[in-house]
> 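Mind having a look at this structure? Questions to follow.
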Amino acid sequence: MGELMTEQHGNYFFIDVRESNEYIEGHIDGMVNIPLSTLGEHTDLIPKGDTIVIICRSGNRSFQAANILKDLGYQDLVNVKGGMLTWEGEVIK
């Protein structure tokens, strides 16, 4: 995923669907925090034409978020399997 975040081509939008308290404890720079519990209320923030990269703690909530967005007409969705538990890059606290 780190490669995607530094690519200059293509339009990517990165979402962290963990709850705000989890996000504050440590997140990847460039991720927008839209908790799964409020995702349906904030789809106006998510561009439909972009590739949407979704992460959570382990991959479960991001999978759920991808399914919700798919049902809302989003097409290019990437679920980060393993989530933050497998992220080895820098984390902002």
Side-chain angles (χ1 to χ4, degrees):
M1 185 179 69
E3 314 82 56
L4 287 179
M5 297 187 84
T6 58
E7 280 187 21
Q8 296 302 312
H9 62 282
N11 294 320
Y12 295 92
F13 190 77
F14 299 91
I15 305 172
D16 186 324
V17 295
R18 296 176 299 154
E19 293 300 318
S20 298
N21 62 318
E22 295 173 280
Y23 180 83
I24 291 168
E25 289 175 6
H27 61 275
I28 301 166
D29 190 28
M31 294 296 237
V32 176
N33 184 221
I34 305 175
L36 178 62
S37 61
T38 64
L39 184 65
E41 303 163 28
H42 294 93
T43 55
D44 57 316
L45 302 173
I46 306 168
K48 271 210 168 151
D50 289 3
T51 298
I52 310 301
V53 180
I54 311 163
I55 196 167
C56 65
R57 186 183 70 84
S58 65
N60 185 30
R61 284 177 282 181
S62 55
F63 179 75
Q64 292 175 47
N67 285 330
I68 290 168
L69 292 174
K70 183 178 178 184
D71 289 345
L72 293 172
Y74 290 84
Q75 296 182 356
D76 198 359
L77 302 163
V78 177
N79 172 30
V80 179
K81 294 179 182 175
M84 292 297 290
L85 292 176
T86 61
W87 176 252
E88 295 180 358
E90 188 175 331
V91 174
I92 296 179
K93 297 184 180 192

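Predicted model only: the values in this text are computed from it and were never measured.
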> Determine, using the 4.5 Å side-chain heavy-atom cutoff (strictly less than), whether I28 and F13 are members of one ILVMFWY cluster.
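As far as the 4.5 Å side-chain criterion goes, F13 and I28 are not connected within one cluster.
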
> Please enumerate all residues that pass side-chain contact (heavy atoms from CB on, under 4.5 Å) together with N60, with sequence neighbours excluded.
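Scan of N60 (side-chain contact (heavy atoms from CB on, under 4.5 Å), adjacent residues dropped) gives S58, Q64.
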
> According to the ring pair (Phe, Tyr, Trp, His ring centres under 6.0 Å) rule, which pairs have a member within residues 16-62, sequence neighbours left out?
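Sorted pair list: Y23-H27.
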
> In terms of hydrophobic clustering (I, L, V, M, F, W, Y; side-chain heavy atoms under 4.5 Å; direct or indirect links), are I15 and L36 co-clustered?
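Yes.
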
> Could you grab the distance from atom CG of N33 to atom CZ of R18, nearest 0.5 Å is fine?
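Answer rounded to 0.5 Å: 7.5 Å.
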
> To the nearest 0.5 angstrom, please state how far the CZ atom of R57 sits from the CG atom of D16.
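These two atoms lie 12.5 Å from each other.
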
> Identify whether V53 and I55 are in the same connected component of the hydrophobic contact network (ILVMFWY, side-chain heavy atoms under 4.5 Å).
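Yes: a chain of side-chain contacts under 4.5 Å links V53 to I55.
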
> Calculate, to the nearest 0.5 Å, the distance between atoms CG and CD1 belonging to N11 and I52 respectively.
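The CD1 atom of I52 is 9.5 Å from CG of N11, to the nearest 0.5 Å.
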
> Using distance only, find each side-chain donor-acceptor pair of residues 66-79 under 3.5 Å and give its atom names and separation, not counting sequence neighbours.
residue : atom : partner : partner atom : Å
Y74     : OH   : T43     : O            : 3.0
Y74     : OH   : I46     : O            : 2.9
D76     : OD2  : T51     : OG1          : 2.5
N79     : OD1  : S62     : OG           : 2.3

> Can you get from Y12 to M31 by hopping between Ile, Leu, Val, Met, Phe, Trp and Tyr side chains that sit under 4.5 Å apart?
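Yes; tracing contacts between hydrophobic side chains, which count when under 4.5 Å, links both residues.
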
> Do you know which two heavy atoms are closest between A65 and I54, and how far apart they sit?
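Shortest heavy-atom contact: CB-CG2, 4.0 Å.
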
> Do you reckon V91 sits in the same ILVMFWY cluster as V80, going by side-chain contacts under 4.5 Å, direct or chained?
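Both belong to a single hydrophobic cluster.
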
> Please check: side-chain N/O of E22 versus main-chain N/O of E19, any donor-acceptor pairing under 3.5 Å?
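Flag set: sc E22 to bb E19 pair under 3.5 Å.
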
> Which heavy atom of P47 sits nearest to which heavy atom of L45, and what is that distance?
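Where P47 meets L45 most closely, the heavy atoms are CD-O, 3.5 Å.
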
